[in-house]
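Reviewing the structure listed below.
Here is the naming used below: chain letters follow the sequence lines, and residue numbers restart at 1 for every chain.
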Protein chains: 2
Amino acid sequence: MQERIMDELRVAEVAKALANPVRVRILSILEGGERCGCEFVPLLGLDPSVVSRHLATLQRAGLVESRRDGVRVLWRLANPEIPRLLRCLEALACAEVPT
Amino acid sequence: MQERIMDELRVAEVAKALANPVRVRILSILEGGERCGCEFVPLLGLDPSVVSRHLATLQRAGLVESRRDGVRVLWRLANPEIPRLLRCLEALACAEVPT
DNA sequence: CCATTTCTTGCATAATTGTGCAAAGATGCA
DNA sequence: TGCATCTTTGCACAATTATGCAAGAAATGG
């Protein structure tokens, strides 16, 4: 019961990290491999500060990891299960036709 | 490219519906089968209006469906893939230990 | 040390979300 | 019709989120 609640909190936390189109896009880009943070700025058309915060949100949720390479920070998916999760969400996103 | 954006919007919409512990709990309860809306009130300890809104949110995302049975409304999962999605999220929720 | 590039943080602001109470709707039954 | 039960909606309020600008921090190279 208590663990149920914790479970649902953590699941909701992960889902919250996915609950934004920009962050979904970031993850799907990272499916292609490691990327420098600055690469996302032109790709997403957002301020660097905004990109930084989205990446931090994904990191807090445990979905991405980073390493520094000189001035740059390189980002990658933190878990090989993430593509499966994205496919799962896409399947439901396409299936949904609520009336 | 355009479809990419639509895709990410819809994925984020579905994720947004999952981005709340109460709604995750509702879905996991519905994994056990159809339930009357009023059953959730004592289970979740929330006002009936709040329960109604959470169910409406899940319905808008295409995750649950309902049918009326007299004065009651019975709810069920709208897609058999939802348990798989929940297991996927749980796996990531447990795996995450961000430092 | 200074300049450059990349990244993060501190505001401020607009928009969204979660909640409960009260009231209104919907349905069935006496 | 009137009542009881279940559900939804209108309103208000607190909390959270997304965004951009400006400023600061980190690393590199001259």
Worksheet item: Does C38(A) reach the side chain of R72(A), with side-chain heavy atoms less than 4.5 Å apart?
Response: yes
Discussion item. Do L58(A) and L30(A) make a side-chain contact, defined as non-hydrogen atoms from C-beta onward lying under 4.5 Å apart?
Written reply: no
Worksheet item: Under a criterion of less than 4.0 angstrom to any heavy atom of chain B, what are the 5'-terminal and 3'-terminal contacting nucleotides of DNA chain D?
Response: dT5(D) to dC11(D)
Fill in: Distance (rounded to the nearest 0.5 Å) between L55(B) CG and W75(B) CH2
5.0 Å
Fill in: Close side-chain approach of L77(B) to P83(B), heavy-atom, < 4.5 Å
yes
Worksheet item: How close or far is atom P of dC7(C) from atom CG of D69(A), stated in whole angstroms?
Response: 10 Å
Practice prompt. Return the value, rounded to whole Å, for the distance between atom CG of N20(B) and atom C1' of dT19(C).
Written response: 11 Å
Worksheet item: What nucleic acid atoms does R53(A) come within less than 4.0 Å of, heavy atoms only: base, sugar-phosphate, or nothing?
Response: base
Fill in: Pairwise distance CG(D47(A)) to CG(L44(A)) - rounded to 0.5 angstrom
11.5 Å
Worksheet item: Any side-chain heavy-atom pair from R35(A) and L43(A) closer than 4.5 angstrom?
Response: yes
Item to complete: Go through the steps for R87(A) and E31(A) under the test salt bridge (charged side-chain N to carboxylate O under 4.0 Å, His left out), then give the verdict.
Response: CA-CA 12 Å; R87(A) 295 300 89 69; E31(A) 285 191 274; 2.9 Å; yes
Fill in: Side-chain touch R67(B)/R76(B), heavy atoms, less than 4.5 angstrom
yes
Fill in: Selection from dA26(C), dT17(C), dT6(C) that lies nearest to any side-chain heavy atom of R68(B)
dA26(C)
Worksheet item: Within this structure, what is the CD1-to-P distance between I26(B) and dG18(C), rounded to whole angstrom?
Response: 11 Å
Worksheet, complete the sentence: On DNA chain C, more 5' by nearest nucleotide between V71(A) and S66(A) is V71(A)
Item to complete: Salt-bridge test for E81(B) and R84(B): reply yes if a basic N is under 4.0 Å from a carboxylate O, no otherwise.
Response: yes
Discussion item. Whole angstroms only, please: what is the NZ-C1' distance between K16(B) and dT16(C)?
Written reply: 8 Å
Worksheet entry | Stretch residues 37-48 of chain B: residues that reach within less than 4.0 Å of DNA chain C through a heavy atom | L46(B), D47(B)
Discussion item. What I want to check is whether an N or O donor and acceptor connect the side chain of R23(B) with the base of dG18(C) at under 3.5 Å.
Written reply: no
Discussion item. So V50(B), base contact, sugar-phosphate only, or nothing? Heavy-atom distance under 4.0 Å.
Written reply: base
Worksheet entry | Pair of N/O donor and acceptor under 3.5 Å linking dC21(C) base with S49(B) side chain | yes
